[in-house]
Amino acid sequence: LAVLMRGTAIAQDVPTLTQPVNDLAHVIDADSAAPMDQRIRALQAATKDAIVVATVDTFAPYASIEEYAVHLFARAGIGSREKDNGILIVLAVRERRVRIEVGYGLEEWITDGFAGDTIRQAMLPSFRNGQYGAGLLAGTTWVMHRIAEARGVTLTGMPVAEPVRPQMHL
């Protein structure tokens, strides 16, 4: 019974996401939030794929950003249930962790490797300077370009994407 009650309590600890961009930690500047929202909506209109960005103060009481992202993704119902074509990009500010959680319908293009490279190359440089909005905008844009390219659609109002170069790990 205690395990069941704990599971119910934890499920309620994740916020309700109501917009494409949910800045619950109040770290995204307006100059990043507006174009991020606009681009996400354009992608969804063109491909029916959904991206949601969320910032939170902490992922506690969850043990990891991965566990938190899975629960938040499921609660938010990102993408269509039939196609499982949603992506959640979540930033936990206190722990300084970011996660790109991908629905099965998009894993063909947004692989774990691509997500990791996107975080390292597009997001972290801005995050290190305290520019969370700019980092999230850059990373989200990389993900959107990858999906649009895979779906064979052109998104208007999007900057040209810089290619994601795989990191060499020695």
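Reckoned from all heavy atoms, side chains included, excluding hydrogens, waters and symmetry mates. Worth saying up front: this structure is predicted, and the values here are computed from it rather than measured.
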Q.
Does E66 have more than 12 heavy atoms from other residues, nucleotides or ligands lying within 6.0 Å of its CD?
A. yes

Q: State whether the side chain of D84 and the backbone N or O of S80 hold a donor-acceptor pair below 3.5 Å, judged by distance alone.
A: no

Q: Using modelled atom types only, decide if a donor and an acceptor are shared between the side chain of S126 and the backbone of Y132 within a distance under 3.5 Å.
A: no

Q. Cationic tip of R96 within the cone over F127's six-membered ring, i.e. under 6.0 Å and within 45° of the normal?
A. no

Q.
Over 60° means perpendicular and under 30° means parallel, so tell me whether Y68 and Y62 are parallel, tilted or perpendicular.
A. perpendicular

Q | Polar side-chain atom of E67 near backbone of A63 as donor-acceptor pair, under 3.5 Å | A | yes

Q | Donor-acceptor under 3.5 Å (R97 side chain, L91 main chain) | A | no

Q | Residue R151 excluded, over 12 heavy atoms near CZ under 6.0 Å | A | yes

Q: Identify the two heavy atoms, one from P35 and one from A30, that lie closest to each other, and give their separation to 0.1 Å.
A: CD-O, 4.1 Å

Q.
With a 6.0 Å cut-off (strictly less than), is the heavy-atom count around CD of E107, excluding the residue itself, greater than 12?
A. yes

Q) Is T58 reaching over with its side chain to a backbone N or O of R94, donor-acceptor style, under 3.5 angstrom? A) no

Q. Between T140 and R39, is any side-chain donor less than 3.5 angstrom from a side-chain acceptor?
A. no

Q. Within a radius of less than 6.0 Å around CG of D112, do more than 12 heavy atoms belonging to other residues, nucleotides or ligands occur?
A. no

